[in-house]
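A short worksheet on the structure shown next.
Both counts, for ligands and for their atoms, begin at 1 and track the order of listing. Residue numbers start at 1 and run along the sequence shown.
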Amino acid sequence: MARSQWGSRLGFILAAAGSAIGLGAIWKFPYVAATNGGGAFLFIYLGICLTLGLVLMLGEMAVGRAAHAGAVGAFRKLAGGGWPVIGYMGVLVCFLILSFYSVVGGWTIAYIGKSFDGSIMTADAKALGGIFSSFISHPLEPVVYHGVFAALTLGVVIGGVQQGIEKLSKWMMPALFLLMLALIVRVLTLPGAMEGLLYFVTPDFSKVSGAMLVDALGLAFFSLSLGLGIMVTYGSYVGKESNLVSASLWVILLTVATCFLAGLMVLPAVFAFGFDPAAGPGLTFITMPAVFSHLPMGQLFSALFFCLLLLAALTSSISLLEVVTSFAIDEFGLSRRAAAIGMAAGIFLLGVPASLSLGIWSDALLFGMNFFDLLDYLTSKLLMPLGELLLALFVGWKAWPLVAAELARNEPTHSLLLAMRRFCQFLAPALIGWILVVNI
Ligand code: PHE
């Protein structure tokens, strides 16, 4: 059977950016930046994305296209031996991420409803915080929304590569950008917003710490969808004539731009309304409604915002489910339908304790964390960096001739390729290894 292919180069870039841009940029980035003191974090995050992020994304895409196979198959085809472990680990991590990602995806659906019934149309920080925490700690409601989100993801993945993923990404991303720009204009004209703006963009490098570097690295990989074989799988659907360097550059630029816009949208509002910047995972959900309450037709804008956030989350969750599904198709010979349904069901089940751990099970701690935080920690701070460390070694030492041939097809000069190789051989493993050690 012929492998699926993207309909166009733009479709590929938008789908890869669709995978990258999601809750990571709009939900996670603002609160992680805020808990890390703002400015310095932004610059470190940007630095990591534009160096490590760029090279590793390019490496993943090249591996996928060279092998013309998905996450596990690619490493087996190009090298064999123990290397497919990178792919297996990636598939497992996609599974783990999607279980808690889908819980947060469910929150966005719930907030669409809350926009319509008007219950979140207030600028009262206490009230909004209360609404959020009583919602996520409820034993049933968020679990149901988690199920709805998982079912939506499943629906698109069963639809297939082109009709599903590509079509959705094409119109959603420009809409999201436009809405965010409009909201930023409103936020920045609120009294008191400037303080938040300065907090976000003024680097205070005295705040840099090991913990901050770990957060920045984890968030960079999470928000760029790296280290799991997603870009390997997507790269395997790309035609040989497409230029991977510019494609990966586009994906990175679009993603960091979204993170930056999300920060500009949320952080000044946090200060203008007197919220606590260290509020954690609820930050976007409790801050944005306050902004909408200061807009004419606020309910409508609020619903629109959470709809677009839902779509952005879906284009990411689709990529996560796509990886585990195509793994099950390739490895077990299942039909797409059976594979997707089976995996989505497993993901839903794992997400249930993740959701409950924010409420009735919040006392059940493992390694000092509730289950939700543990999944997040395990994936973005441990396994994704580890996956990227191995990928860098794979690209730099093991599969270089193939990767180089793949990249040389579309242009890069000899010296650029050499720099990339040395980077993968030495610098990337050293940096990631060091941060991993700090982490443990
Ligand atoms: N990058 C996605 C986001 O920011 C999340 C994700 C992580 C998707 C890893 C795929 C793989 O929302």
- request: Closest by any non-hydrogen atom to atom 8 (C) of ligand 1: pick that one out of G105, A20, S225, G90.
  value: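 Selected option, by shortest heavy-atom distance: S225.
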field: The one among L228, T315, T379 that brings a heavy atom closest to atom 9 (C) of ligand 1
entry: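 The nearest heavy atom belongs to L228.
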Is there a donor-acceptor contact under 3.5 Å from the side chain of [X] to the main chain of [Y]?
{"X": "S99", "Y": "F348", "answer": "no"}
{"X": "T233", "Y": "G229", "answer": "yes"}
{"X": "Q425", "Y": "W397", "answer": "no"}

task: Verify whether one side chain among D330 and S326 offers a donor that lies under 3.5 Å from an acceptor in the other.
output: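 Side-chain D/A pair, D330 to S326: absent.
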Atoms of ligand 1 close to [X] [distance to a heavy atom under 4.0 angstrom, numbered from 1]:
{"X": "S223", "value": "1 (N), 4 (O)"}
{"X": "G24", "value": "3 (C), 4 (O), 12 (O)"}
{"X": "G22", "value": "3 (C), 4 (O), 12 (O)"}
{"X": "I230", "value": "10 (C), 11 (C)"}

query: Taking the non-hydrogen atoms of Y101, is any one of them nearer than 4.0 angstrom to ligand 1?
result: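 The answer is yes: ligand 1 sits under 4.0 Å from a heavy atom of Y101.
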task: Measure the spacing between CG of L320 and OG of S225 and express it to the nearest 0.5 Å.
output: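 OG of S225 is found 7.0 Å from CG of L320.
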query: How far does CD1 of I86 sit from CG of L393, to the nearest 0.5 angstrom?
result: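 The CD1 atom of I86 sits 8.0 Å away from the CG atom of L393.
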Answer yes or no: does an N/O atom from [X] fall short of 3.5 Å to an N/O atom of ligand 1?
{"X": "L23", "result": "yes"}
{"X": "L224", "result": "no"}
{"X": "S19", "result": "yes"}

query: Has F394 got more than 12 heavy atoms of other residues, nucleotides or ligands less than 6.0 Å from its CZ?
result: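 Yes - once you tally the heavy atoms of other residues, nucleotides and ligands closer than 6.0 Å, there are more than 12.
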- request: Count the heavy atoms belonging to other residues, nucleotides or ligands that lie under 6.0 Å from CZ of F205, then report whether that count exceeds 12.
  value: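 Atom CZ in F205 is crowded, with more than 12 foreign heavy atoms closer than 6.0 Å.
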field: Within reach of ligand 1, part of L226 (heavy-atom separation under 4.0 Å)
entry: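 No part of L226 is near ligand 1 at this cut-off.
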- prompt: For atom 7 (C) of ligand 1, which protein heavy atom lies nearest, and how many Å away is it?
  reply: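 Nearest protein contact, heavy atoms only, for atom 7 (C) of ligand 1 is F222 O, 3.2 Å.
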